[in-house]
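The residues of the chain are indexed from 1 along the displayed sequence.
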Amino acid sequence: MLKEILKKGAISFSISSFAGAIINFLIDVIVNAAGVKDFCSISPDFLKLFPTTAVAVYSNIMLYGIIGATFAMMTFVFELERIGFLVQSIIYYVVTAAVCLGITMLLWQLQKYPQALIGTLLGYTGTHIIMFTLEYKKLKNDIETINQEINK
């Protein structure tokens, strides 16, 4: 199981890092093409944390990878049958929220912008509530289907 969790994490890390790099690249190209000179899609406050822009860019890419790896690796919690779906969902939410929002705060310096921090937290929580609700309905339908098959 650990090997599978690490494999999921490595794959997701690679995909997330690559996607983050591509998105930042596209933002930089578009904004620079629009006439803004020397634009960098990384938060100026995040850039200040590093000795060079290149180190900040590489760190940014690695942090996106860590977010993706966390989401993928934490899916193992849904394979733990003894703790129940509600507890699984809470554990998944708390761990991914801590990592994702912690890194997002570092990358975007959200702690300096309370409205952005609250908006990000509400959006993140809302997304998880929607995911939980849809998965709960799916599980409920699966149980009903299984019970109908048993009762035949």
Side-chain angles (χ1 to χ4, degrees), residues 1-31 33-34 39-47 49 56-152:
M1 184 161 131
L2 180 60
K3 184 178 177 181
E4 189 62 31
I5 292 170
L6 293 174
K7 180 180 173 185
K8 283 181 183 180
I11 291 168
S12 188
F13 179 89
S14 301
I15 292 169
S16 299
S17 295
F18 182 71
I22 294 297
I23 289 169
N24 282 356
F25 173 75
L26 292 173
I27 291 169
D28 289 345
V29 167
I30 292 167
V31 172
F39 176 80
C40 181
S41 59
I42 296 175
S43 162
D45 290 330
F46 183 73
L47 283 170
L49 299 174
V57 169
Y58 295 135
S59 298
N60 184 60
I61 291 168
M62 297 293 282
L63 290 169
Y64 283 141
I66 291 170
I67 291 171
T70 302
F71 278 97
M73 292 170 63
M74 282 307 298
T75 60
F76 87 91
V77 77
F78 294 105
E79 297 173 18
L80 304 174
E81 297 171 1
R82 294 181 182 193
I83 62 174
F85 181 65
L86 179 60
V87 174
Q88 291 168 335
S89 298
I90 291 169
I91 291 170
Y92 184 83
Y93 172 81
V94 168
V95 173
T96 59
V99 172
C100 183
L101 295 175
I103 289 174
T104 302
M105 286 177 67
L106 178 64
L107 291 172
W108 300 335
Q109 299 293 302
L110 290 179
Q111 64 275 17
K112 295 180 181 180
Y113 311 99
Q115 298 89 344
L117 177 59
I118 291 168
T120 301
L121 182 57
L122 289 175
Y124 189 82
T125 302
T127 300
H128 277 272
I129 289 170
I130 291 167
M131 289 174 18
F132 171 80
T133 302
L134 293 173
E135 188 61 28
Y136 177 78
K137 286 181 178 181
K138 181 183 173 295
L139 287 172
K140 191 174 175 182
N141 287 339
D142 290 348
I143 290 169
E144 287 175 10
T145 301
I146 290 169
N147 285 337
Q148 287 173 356
E149 291 296 320
I150 291 173
N151 292 327
K152 283 185 177 182

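Across all their heavy atoms, Ser41 and Ile27 have their closest contact at CB-CG2, 3.7 Å.
Here the side chains of Lys3 and Lys7 are not in contact, with every heavy-atom distance at 4.5 Å or above. Contact annotation: the side chain of Thr120 approaches that of Leu110 to within less than 4.5 Å [non-hydrogen atoms, C-beta and beyond]. Using a 4.5 Å heavy-atom cutoff, the side chains of Gln109 and Leu49 are in contact. Within the 4.5 Å cutoff, the side chain of Lys112 has no heavy atoms near those of the Leu117 side chain. Annotation: side chain of Leu80 is not in contact with side chain of Ile91 (no heavy-atom distance under 4.5 Å). The shortest distance between side-chain heavy atoms of Tyr92 and His128 falls below 4.5 Å. Between Leu86 and Tyr136 the shortest side-chain heavy-atom distance does not fall below 4.5 Å.
Every residue two or more places apart in sequence or in another chain was checked for a ring-ring contact (aromatic ring centres under 6.0 Å, His included) with Phe39, and none qualifies. Remark: Phe25 engages no residue in a ring-ring contact (aromatic ring centres under 6.0 Å, His included) (not counting sequence neighbours).
The line from CD of Gln88 to CZ of Arg82 is 13.0 Å long, rounded to the nearest 0.5 Å. Distance CZ/Phe85 to NZ/Lys138: 9.5 Å, rounded to 0.5 Å. The structure places CZ of Phe76 at 13.5 Å from CD of Glu4, a figure rounded to the nearest 0.5 Å. We find the CD1-OG distance between Ile129 and Ser89 to be 11.0 Å, quoted to the nearest 0.5 Å. Thr133 OG1 to Met131 CE: the interatomic distance, rounded to the nearest 0.5 Å, is 10.5 Å. Separation of atoms OG1 (Thr145) and CD1 (Ile150) is listed at 11.0 Å; rounding is to 0.5 Å.
Glu144 CD: more than 12 foreign heavy atoms inside a 6.0 Å radius.
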Which donor-acceptor pairs under 3.5 Å do the side chains of residues 59-66 make with protein atoms, sequence neighbours left out?
from: Ser59; atom 1: OG; to: Val55; atom 2: O; distance (Å): 2.8

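Of the possible donor and acceptor atoms, one in the side chain of Thr75 sits under 3.5 Å from a partner among the backbone N and O of Ala72. Without hydrogens or angle criteria, Ser12 side chain to Gly68 main chain gives a donor-acceptor distance under 3.5 Å.
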